[in-house]
Novice: 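Could you have a look at this structure, given as structure tokens, before my questions?
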Amino acid sequence: MAIRVYNTMTRTKEAFVPRDPEKVAMYVCGPTVYNHIHIGNARTFLTFDIIRRYLTWRGYDVTFVQNITDVDDKIINRAAEQGIPAIELAETFTAAFRSAMAELGIEKPSRQPMATQTIPQMIGMVERLIATGHAYEVDGDVYFSVRSFPGYGKLSGRDIDDLESGSRVEVDTRKNDPLDFALWKTAKPGEPRWPSPWGEGRPGWHLECSVMSEEELGLPFDIHGGASDLIFPHHENELAQSEAATGETFVKYWLHGGLLQVNAEKMSKSLGNFMLLKDVLAVYPTPVVRLFMMQTHYRSPLEFSTDRLDEARTAYERVAGPLRDLEIAKRSRARERVAGDDGTGVWVTRLTKAIADCRARFTEDMDDDFNTAGALAAVFGLVREMNAFIWEGPGIGAHGENLPLLERAAAGIKEPLAVLGIEIDAHPVRVAEYPEEVMQLAADYAGYAGSDSSEAVDALRKARDVARSERNWSVADGMRDRLQELGFVVEDKPDGTHITYGR
RNA sequence: GGCGACGUCGCCAAGUGGUAAGGCAGAGGCCUGCAAAGCCUCUAUCCCCGGUUCGAAUCCGGGCGUCGCCUCCA
């Protein structure tokens with residue numbers, strides 16, 4: 001079974017055959033560091049994090065390169081507004097970007113080159129382009145000549161003449177052609193600058209990706225990724241520069257992610273309808289945000305809303321449920337269920353099959369252009385079967401004899417989710433977060449006199465089981481009400497009271 | 001105006017030729033002292049109109065609608 005990917009260049013799904021049978025070289029456009037990234041930007045980085053993790057899981061040795069564009073008009077303008085050096089602004093938001101990525105559970109790139117550390121190589125590429133007639137200098141600026149490259153427009157499916165007929169192309173009489181774009185810009189007073197054969201200046205946008213990807217990965221590399229709004233002009237221009245300069249194919253597979261929308265409109269900084277990633281993560285845990293995004297195919301548009309995130313949180317709880325139940329059961333042998341009277345073999349067969357089915361379907365769907373929505377459905381299928389086994393079937397078994405199978409089921413749920421970077425917190429409680437009031441509760445209801453909140457909760461649990469066994473409903477319900485007021489979730493399962501906190 | 005994508009259950013969303021995954025919400029049932037959780041059952045013929053085919057949500061043509069790119073943008 002081969003992996004298939006949708007290649008923007010050909011607009012079809014193609015069999016994925018990397019240049020090296022065991023290795024994958026991929027490059028994903030990183031941020032221009034002039035601000036905090038928003039949740040829409042994060043979606044793209046998440047998409048390619050999943051792709052990278054999956055390819056790794058499938059056995060490829062993946063080299064993942066992501067640039068940081070730390071010199072650009074937007075950075076310069078923003079820094080000027082704040083009256084600080086451009087480099088300082090860039091450093092601030094580079095650090096913010098890295099920590100936000102870490103918080104979202106994005107794996108670190110294999111290498112993360114900075115534009116400002118690659119200036120000599122960029123100058124080298126401009127020189128090559130001038131030497132081969134693909135670029136020309138005008139008063140210290142250097143432009144790429146789009147008409148010198150016959151393939152211009154092949155990635156985005158555009159025709160130079162069609163583009164020119166559009167009225168929005170800015171006319172600059174210094175260019176040979178309105179579509180020609182800057183490779184090198186003369187520095188204005190106060191702007192960052194580097195010496196070059198054309199005077200002091202800085203590189204134009206697009207150039208850094210061409211140079212860094214080639215330097216880090218060599219041509220042609222396997223996967224070039226980014227959001228769909230980068231197809232034109234950014235990736236089209238990268239491609240033109242690189243192929244014109246080297247005469248080689250630039251990239252084997254172009255992958256582009258769909259955009260995040262708000263009210264059916266693209267989320268973007270210029271429209272002002274964005275939410276910063278760090279603000280979203282302050283309210284929703286990482287796995288919930290990731291699950292939310294993985295429920296839609298990466299190439300489709302995705303509507304952002306807190307309602308959607310709330311639903312994802314509920315879905316997350318559904319997945320976490322059986323894993324928690326298993327953890328609780330393991331900790332408390334005294335509360336093991338009595339095994340079902342018969343039919344255990346049927347249940348075992350059924351769950352065993354469900355584990356295998358989940359893995360097979362997960363792989364099949366992910367192989368098909370990283371269909372995370374379908375892959376997730378496979379996981380939910382196993383969640384249902386595990387729940388059924390625990391609560392309708394034999395459960396853990398009178399002597400824990402079904403534990404190994406349940407552990408395998410739990411692993412069958414956790415492993416594919418881990419490939420998607422979704423870590424399930426199966427701990428039934430998070431001790432550090434217990435509210436202090438629980439100590440008083442334990443003293444009141446369970447006579448607990450210690451100082452350990454974890455022991456206090458355990459004492460409450462036992463006290464409530466006793467109250468229930470004595471059919472003392474007023475006490476049992478009172479305890480539940482008080483605990484719920486403190487944020488605990490109290491559930492009476494067949495094996496006794498479950499008390500969890502921090503959902 | 002040019003190029004491209006999309007339109008599937010109340011909401012979200014997989015599925016690209018063989019008769020519709022999953023999540024959320026809802027209804028009924030089981031379980032339960034009550035509650036919660038869980039399990040079971042139920043709710044779609046796939047924007048509209050034609051065409052191709054033994055057979056289409058899936059292919060082709062037309063229409064309507066939405067979005068993206070053409071300017072910085074993940």
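These numbers were taken from a predicted model, which means no experiment stands behind them. Order of the sequence lines fixes the chain letters, A, B, ..., with proteins taken first and strands second; residue numbering starts at 1 for each chain. Hydrogens, waters and symmetry mates are skipped; everything else that's a heavy atom, side chains included, is used.
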Novice: Within less than 4.0 Å of OP1 or OP2 of B:rC24, is there a side-chain N or O belonging to A:R313?
Specialist: no

Novice: In chain order, what residues pass the ring pair (Phe, Tyr, Trp, His ring centres under 6.0 Å) check against A:H234, with sequence neighbours excluded?
Specialist: A:W205, A:H206

Novice: Could you tell me how far apart A:M366 (CE) and B:rA21 (C1') are, to the nearest whole angstrom?
Specialist: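 Nearest whole value for this atom pair: 16 Å.
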
Novice: Any side chain to side chain donor-acceptor pair (under 3.5 Å) involving residues 380-390 of chain A? Give me the pairs, sequence neighbours left out, ordered by first then second residue.
Specialist: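 Only A:R350-A:E385 qualify under side chain to side chain donor-acceptor pair (under 3.5 Å).
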
Novice: Between B:rA37, B:rG68, B:rG22, which nucleotide has the shortest distance from any of its atoms to the side chain of A:E491?
Specialist: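 Within the option list, the nearest is B:rA37.
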
Novice: Write down the distance separating the P atoms in B:rC72 and B:rC9, rounded off to the nearest Å.
Specialist: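 Rounded to whole Å, the distance is 38 Å.
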
Novice: For A:E423, which residues count as a salt bridge (Lys or Arg N to Asp or Glu O under 4.0 Å) partner, sequence neighbours excluded?
Specialist: none

Novice: With heavy-atom distances below 4.5 Å as the criterion, would you say the side chains of A:Y316 and A:Y284 are in contact?
Specialist: no

Novice: Out of B:rA74, B:rG23, B:rG33, which nucleotide sits closest to the side chain of A:R464?
Specialist: B:rG33

Novice: Look at the side chain of A:L260 and decide which nucleotide, out of B:rC69, B:rU16, B:rA74, has an atom nearest to it.
Specialist: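 The answer is B:rA74, which lies nearest to the side chain.
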
Novice: Is A:R4 paired with A:E14 through a side-chain N to carboxylate O contact shorter than 4.0 Å?
Specialist: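 Looking at A:R4 together with A:E14, the answer is no, because their closest N to O distance does not fall below 4.0 Å.
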
Novice: Hey, is the side chain of A:R361 poking within less than 4.0 Å of OP1 or OP2 on B:rA21, counting only N and O atoms?
Specialist: no

Novice: At under 4.0 Å between heavy atoms, what does A:K74 touch on the DNA or RNA strands: base, sugar-phosphate, or nothing?
Specialist: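 Sugar-phosphate, no base atom in range.
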
Novice: Hey, are A:R324 and A:E317 close enough for a salt bridge, meaning a charged N less than 4.0 Å from a carboxylate O?
Specialist: yes

Novice: B:rC72 P sits how many Å from A:F181 CZ, rounded?
Specialist: 12 Å

Novice: Which residues pass the ring pair (Phe, Tyr, Trp, His ring centres under 6.0 Å) test with A:H235, not counting sequence neighbours?
Specialist: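 Once residues adjacent in sequence are excluded, the partners of A:H235 under the ring pair (Phe, Tyr, Trp, His ring centres under 6.0 Å) criterion are A:H224, A:W254, A:H256.
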
Novice: Figure out the CD/P separation between A:E311 and B:rG26, and round it to whole Å.
Specialist: 11 Å

Novice: Could you measure between the two C1' atoms, the one in B:rG15 and the one in B:rU58, and give it in whole Å?
Specialist: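 Those two atoms are separated by 9 Å.
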
Novice: Distance check, C1' atoms only: B:rC40 and B:rG18, in whole angstrom units.
Specialist: 30 Å

Novice: Does B:rG55 pair with anything, Watson-Crick or G-U wobble, both distances under 3.5 Å, and if so, with which nucleotide?
Specialist: none

Novice: Of all the heavy-atom pairs spanning A:S210 and A:F250, show the shortest one and how long it is.
Specialist: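 Minimum heavy-atom contact is CA-CZ, 4.3 Å.
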
Novice: Could you give the distance separating B:rC49 and B:rA56 at their P atoms, to the nearest angstrom?
Specialist: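 Their P atoms lie roughly 15 Å apart.
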
Novice: Any donor and acceptor pair, going by atom type alone, linking the side chain of A:D180 with main-chain N or O of A:V146 inside 3.5 Å?
Specialist: yes

Novice: With respect to the phosphate group of B:rA74, does any side-chain polar atom (N or O) of A:K266 fall under 4.0 Å of OP1 or OP2?
Specialist: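 For A:K266, the contact criterion (side-chain N or O under 4.0 Å from OP1 or OP2 of B:rA74) is not met.
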
Novice: Could you run down the sub-3.5 Å N/O contacts of the protein with nucleotides 3-8 of chain B?
Specialist:
| from | atom 1 | to | atom 2 | distance (Å) |
| --- | --- | --- | --- | --- |
| B:rC3 | O2' | A:G157 | O | 3.3 |

Novice: Using the P atom as the point on both nucleotides, what is the distance between B:rC54 and B:rC64, in whole Å?
Specialist: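 Here B:rC64 and B:rC54 have their P atoms 32 Å from each other.
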
Novice: Using the C1' atom as the reference point in each nucleotide, state the distance between B:rC60 and B:rU52 in Å, no decimals.
Specialist: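 One C1' to the other, the span is 7 Å.
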
Novice: Let's test this: given Watson-Crick or G-U wobble pairing with both distances under 3.5 Å, identify the partner of B:rA20.
Specialist: none

Novice: Please give me every residue in residues 468-480 of chain A whose heavy atoms get under 4.0 Å of an atom in RNA chain B, ordered by residue number.
Specialist: A:R468, A:W473, A:D477, A:R480

Novice: Are any protein N/O atoms closer than 3.5 Å to N/O atoms in nucleotides 40-46 of chain B? If there are, list each pair with its distance.
Specialist:
| from | atom 1 | to | atom 2 | distance (Å) |
| --- | --- | --- | --- | --- |
| B:rC40 | OP2 | A:R384 | NE | 3.3 |

Novice: Does a sphere of radius 6.0 Å around CG in A:D481 hold more than 12 heavy atoms from other residues, nucleotides or ligands, not counting ones at 6.0 Å or beyond?
Specialist: yes

Novice: Measure from the side chain of A:S270, starting at C-beta and using heavy atoms only, and say which of B:rA14, B:rC72, B:rC24 lies closest.
Specialist: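 Between B:rA14, B:rC72, B:rC24, the one nearest the side chain of A:S270 would be B:rC72.
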
Novice: I'd like the P distance from B:rC59 over to B:rG17, given in whole Å.
Specialist: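 Roughly 8 Å separates the two P atoms.
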
Novice: For the residue pair A:Q66 / A:R111, report whether a side-chain donor-acceptor contact shorter than 3.5 Å exists.
Specialist: no

Novice: Quick one: look up who B:rC9 pairs with, Watson-Crick or G-U, both distances under 3.5 Å, and put none if it's unpaired.
Specialist: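 None - no nucleotide pairs with B:rC9, as no candidate has both distances under 3.5 Å.
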
Novice: List the residues meeting salt bridge (Lys or Arg N to Asp or Glu O under 4.0 Å) with A:D365, not counting sequence neighbours, and say none if there are none.
Specialist: A:R361

Novice: Evaluate side-chain hydrogen bond (donor to acceptor under 3.5 Å, both in side chains) for A:D222 paired with A:Y27, printing each intermediate quantity in order.
Specialist: CA-CA 8 Å; A:D222 297 308; A:Y27 182 93; over 6 Å; no

Novice: So if I take every side-chain heavy atom of A:D492 and compare against B:rC70, B:rC39, B:rC34, which nucleotide ends up nearest?
Specialist: B:rC34

Novice: Looking at residues at least two apart in the chain, or sitting in another chain, which of them share a salt bridge (Lys or Arg N to Asp or Glu O under 4.0 Å) with A:R464?
Specialist: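 Scan of A:R464 (salt bridge (Lys or Arg N to Asp or Glu O under 4.0 Å), adjacent residues dropped) gives A:D492.
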
Novice: What residues, two or more places apart in sequence or in another chain, satisfy salt bridge (Lys or Arg N to Asp or Glu O under 4.0 Å) together with A:K13?
Specialist: A:D368

Novice: Would you verify whether the NZ or CZ of A:K154 falls within 45 degrees of the ring axis of A:F149 while also being under 6.0 Å from that six-membered ring's centre?
Specialist: no

Novice: Report the base-pairing partner of B:rC31 (Watson-Crick or G-U wobble, both distances below 3.5 angstrom), or none.
Specialist: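 With both distances under 3.5 Å required, B:rC31 matches none.
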
Novice: Which nucleotide, if any, forms a Watson-Crick or G-U wobble pair with B:rU45, using both distances under 3.5 Å?
Specialist: none

Novice: Per the atom types in the model, does the base of B:rC24 pair as donor or acceptor with the side chain of A:D310 at under 3.5 Å?
Specialist: no

Novice: Can you run down the salt bridge (Lys or Arg N to Asp or Glu O under 4.0 Å) pairs that involve residues 295-309 of chain A, sequence neighbours left out, and say none if there aren't any?
Specialist: A:R299-A:D369, A:R308-A:E311

Novice: To the side chain of A:N387, which of B:rG38, B:rA74, B:rC24 is closest?
Specialist: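 That would be B:rG38.
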
Novice: Let's see if you get this right: which residues in residues 283-297 of chain A place a heavy atom under 4.0 Å from RNA chain B?
Specialist: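 Hits under 4.0 Å, by residue number: A:Q295, A:T296, A:H297.
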
Novice: Is there a Watson-Crick or G-U wobble partner for B:rG50 with both distances under 3.5 Å, and if so, which one is it?
Specialist: B:rC60

Novice: Checking contacts here: which listed nucleotide (B:rC39, B:rC24, B:rG15) is nearest the side-chain heavy atoms of A:E392?
Specialist: B:rC39

Novice: Atom CG of A:L179 and atom P of B:rC69: how far apart are they, to the nearest Å?
Specialist: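 So the two atoms are 18 Å apart, to the nearest Å.
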
Novice: Take A:L230 and A:A373, find for each the nucleotide of RNA chain B with the closest heavy atom, and name the residue whose nucleotide sits nearer the 5' end.
Specialist: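 Upstream on the strand: A:A373.
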
Novice: Write down the distance separating the C1' atoms in B:rG10 and B:rC42, rounded off to the nearest Å.
Specialist: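 Here B:rG10 and B:rC42 have their C1' atoms 15 Å from each other.
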
